[in-house]
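Note that this is a predicted model, so its numbers are computed, not measured. Chain A is the first sequence line, chain B the second, and so forth, proteins listed ahead of strands; every chain is numbered from 1.
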Amino acid sequence: MRASDTLSQAFGAIRSQPLRATLIILAMSIGIASVTLLTALGESARNYILYEFQSLGTHLIIVLPGRTETTGGQPPLFGETPRDLTLSDANALLQSRNIAAIAPINIGSAPVSARGLERETNILGSTSALRRVRHLTMAEGRFLPEMESDKALPVCVLGQTIKKEIFTGQKALGQWLRINDRRFRVIGVLASEGQSIGVGFDEIVIVPVASAQTLFNTESLFRILIEAKSKPAMYKAVTDINKIIKARHEGEQDITIITQDSIVSSFDEILTALTLTITSIAGISLAVAGVLVMNVMLVSVAQRTSEIGLLNALGASKAQLISLFLAEAAMLCLAGAILGLLLGQASVMVLQALYPSFSISIPPWALLAALVVSLTTGLLFGVLPARKAAKLDPVEALSKR
Amino acid sequence: MIQLKNIQRYFQVGDQTVRALDNITLTIENGEYISVMGPSGSGKSTLLNIIALLDHPTSGQYLLNNQDVTQLDDDALARVRRDNIGFVFQFFHLIPRLSAAENIEMPMILAGINRQERRQRVKKAVAAVGLSDRADHRPDQLSGGECQRVAIARATIMRPGILLADEPTGNLDSHSGIEIIELLERLNQGGVTLIIITHDQSLGDRANRQIRIIDGKIAT
C-alpha cells in the first residue's frame, strides 16, 4: 500500500464523519492554542523584565552595606551591626581603575510642599553621576551639578508626577520647593520614565547626597551604584571594591555586592521556570485532547468493525490496518494543531492590540513544539485503537453488520 | 487446487466443545463449479472461512496450489488471500463512504498497484459487470443487484483463481439473483474456480458438483 493511498483513504474516512472530526479538531486546537498562548505570555514577560533590567544601566554594580549570606550556617539571631557605608567610602572607590562612575544613594521619605500644596514622597540623595549610571533623561532644566559630593547645595530635580501634583501645570523651574523644613530650588525636571524596575522616578525628588544626609540626619548611605568601565572590567571592579572597603573597614568585608549580571540571570531562571510551569499546566489540556482522540478512534474502530473485517479479507496486513488508523489520528491532530496555532496567533494579536506597550509574540520554537507535540499525542493515543482494529478476528468482524 | 486433509475445527462454547468441522477431506480442482449446501449450523460457513484462510483449522492440513497454508502467519495469509481468493458476501460488504469504482479499487490499493493501472482495471471491471454509468454512485444509491455486481467486480479485480460466494443471492429478489448467478457462472467458464454456499436447492443443482454438509461432516 502506498503512503499517498494510506493518507487519502484516512482522509476519506475523516470526511465521512464531519461532526466528529470537527469536535476532535476543536478539542485539539484549544489545547494547542492555550499552550502556545501561555508560552508566548511567559516568554514575552521574561523578555520584558530582562529588558527592563538591562535598561537600568550598563555594567551596573550595586553595593549594599552589611553582609548577607544565604549559604549554610544558622540564621543570625543577634543582629550583626554592619558598619555604615559612608560618603568617604564611596569616594575612596574612585581609586579603582575599573570603575567609570559612582553614584552614592541615600533615600528617605519626607513631605514636600510649594504654594500650600503638600505631599509625602521619596527623597533621593545622589550626585551628578546618577544620571549617567541610570540613564536618566531630562524634560527641562538640568540635573544635579558636578561638585564635591559633601557639599549640601539646596537644589533639587523633580519627577514628572511630583511636578504635576505640586506645581499643577505652572512653571516649576527656578521655584522653591520645601522639603521638611528646608528650601530647595528646582533646577530640573526628569522626563517621564514610565515604570522602571526598582524606583519610580516619576514620583521622586532628587537632591545632592549631602543635602539628603542633613535632611535625614544620617551619615550612612542606602547603597552605592557603580558603573564599571566595561563588561570584563566588572569582575575586576568587584574585587577592587571588596579590597578597598575591607581596608577602610578594619579588615571586615561587611558589604554585599550585586552585579547586574547576577540579577538578570536569576530573574531569567525564575521566569523560565515560570514559563515552563504554566506551559505544562496548559499541557494538561493537550493530554485531555489526546484522550479524546483515543476515544473517537475507538468509536471509529467499533463502528467500522465490518469494514475492517472486509479489508482483512481483501488482503490488508496488520501493519496496513494500523497505519490506516494512525494516519487518521495523525491527520486529526495535525489539523487541530494548525487551527490551534492560528487561534493562538489570533489571541496574541488581540492581546497586542489591547496592550500595545507589552510586546508579545509566539516564539518560533513553540510553533514547532506545538506541531510535534500534537502529532506525538495523536500517534500515542492512536496506537491503542489501531492495534485493536488490527487484532479483530476477520470472521467475527465480517459477521457484524 | 484446494486440498483439505482431515480438517477439524472445534469451538469452545462454555465447557462444551462444538465440532463445527469433523474430519473433512476434500479436493477441489482448478476451474470447478461447486455448491456447498446444508442446514444452518451444519458447518458450511466454517468450511468456507477455512478455505478462505480467514479461520485456522484446529488440526489437519490445507494445501492451496500445493503450498501448505496452515503454517503461514496472518500477514502472509492476507497476501495469499489477496492474490488467490475473491469474496462475494450475502450482505455485499461494500464500504458505504466509497463510490462503486472506489470499492472495486480497494484490493489494488492494498496491493500497492499504481494509480494509473488501477484506473484502467477499474474501468474494465465496471464495464464487465455492466455498471459503467453508475461507477460514481455510492452503495446507498445502488440497488441490491447492482451492489452485488460491484462486489463481484471487486472480488475479481485481482484476478484470483478462486471465487468464494456465501449466499450471494440470499439478499436479492429472484430476478437479480439469477443475473448474479449467471455472472458468476460466466466467470467460472473463464476458468475461475467457483464455490457457492447456498440454502437454495435449485441454485445448488446448477453446480457441476454438490457437497452436502451435515453436523460438520460431508454427506455424499
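- In terms of heavy-atom pairs under 4.5 angstrom with chain B, the leader among A:Asp393, A:Leu324, A:Thr6, A:Leu310 is A:Leu310.
- Side-chain contact check for A:Gln9 versus B:Leu98: some heavy-atom pair is nearer than 4.5 Å.
- Between A:Lys318 and B:Asp74 there is a salt bridge, with a side-chain nitrogen of the basic residue lying less than 4.0 Å from a carboxylate oxygen of the acidic one.
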> What do the steps show when you test B:Arg118 against A:Asp5 for salt bridge (Lys or Arg N to Asp or Glu O under 4.0 Å), and what is the final call?
Replying inline: CA-CA 12 Å; B:Arg118 288 204 312 249; A:Asp5 288 328; 2.7 Å; yes
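- Nearest heavy-atom pair, B:Ala78 versus A:Ala316, reported as atom, atom and distance to 0.1 Å: CB-O, 3.7 Å.
- A donor-acceptor pair under 3.5 Å is formed between the side chain of B:His93 and the backbone N or O of A:Leu398.
- The distance from the CZ atom of A:Arg2 to the CD1 atom of B:Ile109 is 10.5 Å, given to the nearest 0.5 Å.
- Closest heavy-atom contact between B:Arg115 and A:Ser4: NH2-OG, 4.2 Å.
- What you find for A:Leu311 and B:Leu110 is that their closest heavy atoms are O-CD1, 3.8 Å.
- Between chain B and the residues A:Gly309, A:Ala319, A:Gly12, A:Ala313, the largest count of heavy-atom pairs under 4.5 Å involves A:Ala313.
- Applying side-chain contact (heavy atoms from CB on, under 4.5 Å) to A:Leu314 and the options B:Met108, B:Met106, B:Met158, B:Arg82 leaves one that passes, B:Met106.
- Between chain B and the residues A:Glu307, A:Arg304, A:Arg15, A:Gln320, the most heavy-atom pairs under 4.5 angstrom are made by A:Glu307.
- The backbone N or O of A:Gly315 sits nowhere less than 3.5 Å from a side-chain atom of B:Arg81 that would complete a donor-acceptor pair.
- Residue contact with chain A, scored on non-hydrogen atoms closer than 4.5 Å, is absent for B:Asp83.
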